[in-house]
Protein chains: 2
Amino acid sequence: MSETAGERATETVDDFGQALGSLLRRYLDGARDAADALPGGPRGFQVLVNASSGTDCSNQATIAHRLGIDRTVMTYLVDDLEKAGLVERRPDPADRRARQVVRTAAGEATLDDVRRRMAAVEDVVLGSLSADDAVAFRRLLVAAAVGAPPTGHSMCDVVGDDLAGGC
Amino acid sequence: MSETAGERATETVDDFGQALGSLLRRYLDGARDAADALPGGPRGFQVLVNASSGTDCSNQATIAHRLGIDRTVMTYLVDDLEKAGLVERRPDPADRRARQVVRTAAGEATLDDVRRRMAAVEDVVLGSLSADDAVAFRRLLVAAAVGAPPTGHSMCDVVGDDLAGGC
DNA sequence: TATTGTTATACTCTATAACTATA
DNA sequence: TATAGTTATAGAGTATAACAATA
């Protein structure tokens, strides 16, 4: 940050998309290391985050939609996570077509661990911001991302009607 | 945006990487439309942005490094932009290995046009933020992205010594 | 010896299409 | 008819390796 002698401000980053891409690239570089224990890397991590812990439903389609990835890719990701013993496929009692993706105990433990490492990566990525600015950035990022949810309506809303408190 | 009845806050986005990915995905969706006239799409746009307008030097390697893409990909991108008449490859007088990527008049005009359309896309992507928050977000995004510049040192710094005012 | 740029090749990732089962 | 999930195949995108020219 402090203007070092060798780098007079070389027009830095003046483009929104470039800044966004640069930030994501740096995040993914760190995330790949943090998630190297997980099959699927950062993607596998996000699937694990969005998997059900028992209180909410998470079909493969729901997760795929939420993450913006194809259903066919979800099959492979869940396959690998299941082989690693981190998640389980459970038939949805309300819809026999669907499979809920539920974290195992090992999955919960692994998620806790990787989550901590991801948090460390985030700190590094946002390292050039002050503590206050970093908080503000996270808040604005989430607010901006929520703008147009990938899923027009959550599958939970559709299914959850006759299953009070969760699906 | 406004809380519609059918969508009670479905735990929204609680993950940094997920929010970042979601935002980039929405941006790229719009950017693909905005840059459909350009060979290479959003990537081609960024190359065009980073190409030289005469005042600064821009080797292919410099641009590639700045954008975080491979040199081999740069060749194809510049090939296509050159075929479209938007940029020119010019031998660098200071380094006969290097080729400067310089925008043509048509390239400048196209860039102006696409830049305007990109700005519109950004407004849509940040549409859920207030005007003040959008400004703040852009500022923080750039500040965060500049944190660790992809290029440790710009090639311009190395070459520019004996060419006062530009390379 | 290292770097710029090019080309060809191989690989990874992702999407497409077709199918079954269920709604 | 539409959707969830799986599988196989094809495609886009990307990286790897080798090369020539120059530093």
Side-chain angles (χ1 to χ4, degrees), chain A residues 21 25 28-29 32 39-44 46-47 51-52 57-83 87-102 151-159 161-162 167, chain B residues 21 25 28-29 32 39-44 46-47 51-52 57-83 87-102 151-159 161-162 167:
Chain A
R25 194 170 350 119
L28 284 180
D29 283 345
R32 266 184 283 268
R43 274 285 172 61
Q46 292 198 327
V47 170
S52 173
C57 81
S58 288
N59 292 339
Q60 294 186 193
T62 308
I63 300 173
H65 211 168
R66 201 145 45 187
L67 265 45
I69 59 182
D70 203 87
R71 286 202 299 269
T72 61
V73 177
M74 269 301 296
T75 300
Y76 304 135
L77 287 173
V78 175
D79 276 353
D80 294 343
L81 288 171
E82 195 171 36
K83 275 175 206 156
V87 301
E88 246 180 28
R89 269 187 254 241
R90 281 209 293 221
D92 186 333
D95 185 344
R96 278 187 292 178
R97 295 172 302 181
R99 303 295 181 86
Q100 291 178 4
V101 181
V102 182
T151 49
H153 54 278
S154 167
M155 297 303 145
C156 292
D157 297 337
V158 178
V159 175
D161 283 300
D162 53 346
C167 58
Chain B
R25 192 169 353 118
L28 284 180
D29 283 345
R32 265 185 283 268
R43 274 287 174 61
Q46 293 198 327
V47 170
S52 174
C57 83
S58 288
N59 292 340
Q60 294 185 192
T62 308
I63 300 174
H65 210 167
R66 202 145 44 187
L67 266 45
I69 60 181
D70 203 87
R71 286 203 298 270
T72 62
V73 178
M74 269 301 294
T75 300
Y76 304 134
L77 287 173
V78 175
D79 276 354
D80 295 342
L81 289 171
E82 195 171 38
K83 277 176 206 154
V87 302
E88 245 179 27
R89 269 187 253 242
R90 281 208 294 219
D92 187 332
D95 185 343
R96 277 187 294 177
R97 295 172 303 181
R99 304 293 183 87
Q100 290 177 5
V101 182
V102 183
T151 48
H153 54 278
S154 166
M155 297 302 145
C156 291
D157 296 336
V158 177
V159 175
D161 282 300
D162 54 347
C167 60

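Model, not experiment: these values are computed from the prediction. Chain letters run A, B, ... following the sequence lines, proteins first, then strands; residues in each count from 1.
Residues that satisfy the side chain to side chain donor-acceptor pair (under 3.5 Å) test with A:Q60, not counting sequence neighbours, are A:R89.
With values rounded to the nearest 0.5 angstrom, A:M74 atom CE is found 10.5 Å from A:R43 atom CZ. Atom OG1 of B:T62 and atom CG of B:L67 lie 11.5 Å apart (nearest 0.5 Å). The line from CG of B:D29 to CZ of B:R25 is 8.0 Å long, rounded to the nearest 0.5 Å. Atom-to-atom distance recorded for A:L77:CG and A:I63:CD1 is 10.0 Å, nearest 0.5 angstrom.
The two residues B:L81 and B:G44 have their closest heavy-atom pair at CD1-O, 3.9 Å. Heavy atoms only, all atoms of each residue included: B:S58 and B:A51 are closest at OG-C, 3.9 Å.
A sub-4.0 Å separation between OP1 or OP2 of D:dA4 and a side-chain N or O of A:Q100 is absent. Between A:R99 and the phosphate of C:dA21, there is no side-chain N or O to OP1/OP2 separation shorter than 4.0 Å. Contact annotation: B:R32 side-chain N/O to D:dA12 OP1/OP2 distance is not under 4.0 Å.
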For nucleotides 7-15 of chain C, list the nitrogen or oxygen atoms of the protein found under 3.5 Å from its nitrogen or oxygen atoms, one pair per line.
{"from": "C:dT14", "atom 1": "OP1", "to": "A:R43", "atom 2": "NH1", "distance (Å)": "2.8"}

Grab the N/O contacts between the protein and nucleotides 21-23 of chain D below 3.5 Å, and write none if there aren't any.
{"from": "D:dA23", "atom 1": "OP1", "to": "B:R96", "atom 2": "N", "distance (Å)": "3.0"}

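Put simply, the side chain of A:Q100 reaches to within 4.5 Å of the side chain of A:P93, judged on heavy atoms.
Rounded to a whole Å, the CZ atom of A:R25 is 12 Å from the P atom of D:dT14. Per the geometry, CD belonging to A:Q60 stands 10 Å off P belonging to D:dT7, to the nearest Å. Nucleotide D:dT14 holds its C1' atom 15 Å from the CE atom of B:M74, rounded to whole Å. In this structure, CG of A:D92 is placed 10 Å from C1' of D:dA4, rounded to the nearest angstrom. At whole-Å resolution of the value, CZ in A:R90 and P in D:dG5 are 15 Å apart.
At distances below 3.5 Å, not a single donor-acceptor pair connects side-chain atoms of B:N59 with backbone N or O atoms of B:A61.
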